[in-house]
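Since the structure comes first, as structure tokens, the remarks are kept for the end.
Just so it is clear: chains get the letters A, B, ... in the order the sequence lines come, proteins before strands, and each one is counted from 1.
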Amino acid sequence: MQQKYNPQLIEREAQQYWDASGAFRAVESPGKPKYYCLSMFPYPSGKLHMGHVRNYTIGDVLTRYHRMNGRNVLQPMGWDAFGLPAENAAMANGVPPAKWTYDNISYMKGQLKSLGFAIDWSRELATCQPAYYRWNQWLFLRMLEKGLVYKKSGIVNWDPVDKTVLANEQVIDGRGWRTGALVEKREIPMYYMAITKYADELLGALDTLPGWPERVKTMQANWIGKSYGVRFAFPYELGGKREKLWVFTTRADTIMGVTFCAVAAEHPLATHAARGNPKLAAFVEECKRGSVMEADLATIEKKGMPTGISVVHPLTGEKVPLWVGNYVLMGYGEGAVMGVPGHDQRDFEFAQQYGLPIKPVIRPAEGKLELPLKAAYLEYGVCFNSGRYDGLGYPQAVDAVAADLKAKGLGEKQVLWRLRDWGISRQRYWGTPIPIIHCPACGDVPVPDKDLPVVLPEDCVPDGTGNPLAKRADFVDTKCPKCGKAAKRETDTMDTFVDSSWYYARYACADNAQGMVDRRVDYWLPVDQYIGGIEHAILHLLYSRFWTKVMRDLGLFKVDEPFTNLLTQGMVLNDIYFRQSDGGRITYYNPAEVEAENGGATLKADGQPVESGGMGTMSKSKNNGVDPQELIDHYGADIARFFMMFTSPPEDTLVWSDAGVEGASRFLRRLWNYCLKFEGGGGPAADPTLQKAVRLEIHSVLKQANYDIARHQFNTVASAAMKILNALEKLPAIDREVAPEGL
RNA sequence: GCCGGGAUGGCGGAAUUGGUAGACGCACGGGACUCAAAAUCCCGCGGUGGCAACACCAUGAGAGUUCGAUUCUCUCUCCCGGCACCA
């Protein structure tokens, strides 16, 4: 044993030994209880950040804990390798996304290795490898056959200057990030996965997941958003033709309070009305500007304009004016809503703004409704002012209204899901090609299985003006698999969430070239412990659950749910410092360059003060990241890892502290010194009574520590470790079995 | 705007089911050892007043329930995550 604590030496020796002996290779052994410990795989952005170190350290602690408890543990690692940043890097540096990605993977893999994680690298995968993404294509085709994939139009952000589709992230204040042009909404054909067919099961099965945090389950339940309502129609006549305007409402009891209807700018009725009405046409155009993000739509100023068209109230027969509203979403329900200003706050504000009548029809069951209304009355109450529905409560009124609408053939009760089908088409290069061929004669033809994978050329360099794949004749031009005549390949690629929806299963059989998965998944699945950021609480985890169920229904899996236990780790935060120039430009300074004193802070370089921007997630934009590599180089991996576990419970945010790292380092050196003392052996025999007492203490603390690890209470483990160490140091020598190896 | 979460000393946090708020650690201060420093060890460490015993105040703000609230209820403020094309 080394006399001085030398992490570089110790860690290199240990890591070389682990590598050479294949210490972390997981082998299926049916007799042995398995434990599949999975951390969310990283996007190969360039180098590891603190969030990665934290994520993988938590996973590694659990991995080693369960190994020591005799489980057959699998901890794999891979790369979520498709995505937008690679294309951005390509534009900035002229390097193909493939090269950039593979270089990053190679560098980051080295970093992960130097952290000494107990990873089975023999199962490594990268989603940008044809050997992986061919199975995205294969399953897409199976889903197409089962009607779980279909084509319809969707709305995207369109940059009119670059003539390209933009991701939400590339739209800044309604303008394209490169061109500054006002972004438009544009409708294009896209492929969708019918996740709504599984909505009921995805919602119900949340109850079968006791190992998931309550808040994640609540968020998913709200996202799926099962609501019971009534779908009904307002009849109207247009150009002599009788038509119906369909809407959905969860408040059919307020139907007698309808004073207007509104449609989205993209609704066919709006388009029709805009013809020959230049003012309306201009308004419709204005609505089509701006981003498609729901957060933007929900906060914009509500605007509308009358179409001049009237529709007919299905129950009263009264004329109802039809408006175009910028807050009506084409993607939700029918792209049209009934307007009940008395009982919907958004409608109330809209009616006030445009002088539309407000007709209250619901009053509290006891007491009076204060009139005139100062705000919409949103409570469930009793109908009044509603003809034959007067006096009915919410459920009775909804039943009665639904029955009457049904009798007229104008509507009925319906379950509405907030969840929408998953649009997977991306007009981008660096992703899984969608395996479809467009034939002028046969239409959209699936690529036959024998021609999979449709390989993505790896030498394209995007320039920001649309998908480079579309410019590659060698990719696009092909023959129709049906008729053999000249045809064109689909150039859209898949959403990267497809890649991450099933990677956990591929780890069980990453070497299988014949199939997507094989029977080894029956041994390893489900994942016993999944660890990752809370930011994935909804989308990634929901898509994964959906794919798991689809794969189960295709007979590929026996499991219903992919992840038995879920740990959502907190963010890593650090101080933010900046200076603002006279022109308003803000320059951020890394906390490492700043000297913080009580109350103020100065830049080390010039001694002048800097402003504090509080605390925030480590990010490039705020220049407040700490490079884990420096930490590893300076203190060694064990201290970096120990600090991560020691300083804050895994599910809470972790605030960076140089002093905390220093403290963690001191603790480990202390432990090292104790071990030296122990290795040296001997020393004067301690008072046997004291020795026994301390041993009892250690046992009880270790027991508590095990219990705490099982509950992910790592912070208390750190405390327990401290107590053990304090106790150990009081003894000249103790039994090996109670030495703190278990920590 | 909507959904979810959070706020306790200088800092991370503890208080296990409504019962002594601040465990444990970090940082800091004092002391021991040392020519000196590092390391290590000992003591102190929410605020105000007091030599002290002790007293009063204090868990983001305000109200409520209770003998008793960090814990339960309501309202509000601020912060964080998500909002379907960042991953």
Inset, instruction - Would you kindly compare Trp223(A) and Gly83(A) by the position of their nearest RNA chain B nucleotide and give the one closer to the 5′ end? - result: Trp223(A)
Inset, instruction - Answer with base, sugar-phosphate or nothing: what part of the nucleic acid does Ala295(A) contact at a heavy-atom distance below 4.0 Å? - result: base
Legend entry - Of the listed nucleotides rG81(B), rG1(B), rA87(B), the one nearest the side chain of Ile534(A): rG81(B)
Inset, instruction - Using the C1' atom as the reference point in each nucleotide, state the distance between rC28(B) and rC11(B) in Å, no decimals. - result: 11 Å
Inset, instruction - Identify which nucleotide among rC83(B), rA84(B), rA87(B) has an atom closest to any side-chain atom of Asp80(A), counting heavy atoms from C-beta outward. - result: rA87(B)
Legend entry - Base partner of rG29(B), which must satisfy Watson-Crick or wobble distances under 3.5 Å: rC43(B)
Legend entry - Distance-only side-chain donor-acceptor flag, Thr179(A) / Asp162(A), under 3.5 Å: no
Inset, instruction - Would you classify Ile300(A) as touching base, sugar-phosphate or nothing, given that sugar-phosphate means primed atoms plus P, OP1 and OP2, and contacts are heavy atoms under 4.0 Å? - result: nothing
Inset, instruction - Specify the separation, in whole Å, of atom CZ of Arg418(A) and atom C1' of rC3(B). - result: 7 Å
Inset, instruction - Take the protein atom CG of Leu566(A) and the nucleotide atom P of rG4(B), then report the distance between them rounded to whole Å. - result: 18 Å
Legend entry - rA21(B) versus rU75(B) - spacing of their C1' atoms, nearest Å: 25 Å
Inset, instruction - Select base, sugar-phosphate, or nothing to describe what Met494(A) touches, counting heavy atoms under 4.0 Å on all strands. - result: nothing
Inset, instruction - With heavy atoms under 4.0 Å as the rule, sort His536(A) into base, sugar-phosphate or nothing. - result: base
Inset, instruction - Mind checking Met293(A) for me? I need base, sugar-phosphate or nothing, with any heavy atom below 4.0 Å counting as a touch. - result: sugar-phosphate
Inset, instruction - Report the distance from atom CD of Gln569(A) to atom C1' of rC80(B), rounded to the nearest whole Å. - result: 14 Å
Inset, instruction - Between Asn222(A) and Asp495(A), just flag the one whose closest nucleotide in RNA chain B comes earlier from the 5' side. - result: Asn222(A)
Inset, instruction - Give the nucleotide from the list rG4(B), rG1(B), rA87(B) with an atom nearest to the side chain of Ala298(A). - result: rG1(B)
Inset, instruction - Go through rG4(B), rG82(B), rA84(B) for me and flag the one nearest to the Met219(A) side chain. - result: rG4(B)
Inset, instruction - Could you tell me whether the phosphate oxygens of rA87(B), OP1 or OP2, come under 4.0 Å of any side-chain nitrogen or oxygen in Thr496(A)? - result: yes
Legend entry - Centroid-centroid distance, Tyr132(A) to Tyr503(A), less than 6.0 Å: no
Legend entry - Length of the line joining Trp212(A):CH2 and rG4(B):C1', which is rounded to integer Å: 15 Å
Legend entry - Whole-Å gap separating P (rA84(B)) and OH (Tyr191(A)): 24 Å
Inset, instruction - Go through the side-chain N and O atoms of Asp495(A) and Trp422(A) and say whether any donor and acceptor fall under 3.5 Å apart. - result: yes
Legend entry - Heavy-atom side-chain contact between Thr568(A) and Arg215(A) under 4.5 Å: yes
Legend entry - Mate of rA21(B) where both pairing distances stay under 3.5 Å, Watson-Crick or G-U: none
Inset, instruction - Return the nearest nucleotide to the side chain of Arg215(A); candidates are rA87(B), rG4(B), rA84(B). - result: rG4(B)
Inset, instruction - Quote, to the nearest angstrom, the C1' distance that separates rG47(B) from rU8(B). - result: 14 Å
Legend entry - Integer angstrom distance from the C1' of rG31(B) to that of rA14(B): 29 Å
Inset, instruction - To the nearest Å, give me how far apart CD (Glu535(A)) and C1' (rA84(B)) are. - result: 16 Å
Legend entry - Counterpart base for rG4(B), defined by Watson-Crick or G-U wobble contacts under 3.5 Å: rC80(B)
Inset, instruction - Just call it for Gln427(A): base, sugar-phosphate, or nothing, with non-hydrogen atoms closer than 4.0 Å on any strand. - result: base
Legend entry - Interatomic distance at P, rA69(B) relative to rA63(B), whole Å: 14 Å
Legend entry - Pair Phe563(A) and Tyr504(A), ring centroids less than 6.0 Å apart: yes
Inset, instruction - Answer with base, sugar-phosphate or nothing: what part of the nucleic acid does Ser500(A) contact at a heavy-atom distance below 4.0 Å? - result: nothing
Legend entry - Phe82(A): which of Val498(A), Thr493(A), Thr496(A) passes side-chain contact (heavy atoms from CB on, under 4.5 Å): Thr496(A)
Legend entry - Separation between CZ of Phe497(A) and NE2 of His536(A), rounded to the nearest 0.5 Å: 7.0 Å
Inset, instruction - Nearest whole angstrom, please: distance from the P of rG82(B) to the CG of Asn168(A). - result: 13 Å
Inset, instruction - Sticking with atom C1', work out how far rG19(B) lies from rG10(B), rounded to a whole angstrom. - result: 30 Å
Legend entry - Anti versus syn assignment for rG60(B), with syn defined as within 90° of 0: anti
Legend entry - Complement of rA55(B), any strand, by Watson-Crick or G-U distances under 3.5 angstrom: rU48(B)
Inset, instruction - When you get a sec, tell me which of rC83(B), rC86(B), rA84(B) is the closest nucleotide to the side chain of Tyr543(A)? - result: rA84(B)
Inset, instruction - Between rG12(B) and rC83(B), how far apart are the P atoms? Round to whole Å, please. - result: 27 Å
Inset, instruction - Assign Val156(A) to base, sugar-phosphate, or nothing according to its heavy-atom contacts below 4.0 angstrom with the strands shown. - result: base
Legend entry - Distance, P atom - from rA37(B) to rA32(B), rounded to whole angstrom: 11 Å
Legend entry - For atom CZ of Phe350(A) and atom P of rG1(B), their distance in whole Å: 20 Å
Inset, instruction - May I ask you to establish whether Lys152(A) and Tyr192(A) are in a cation-pi arrangement, using a distance under 6.0 Å from NZ or CZ to the six-membered ring centre and at most 45° from the ring axis? - result: yes
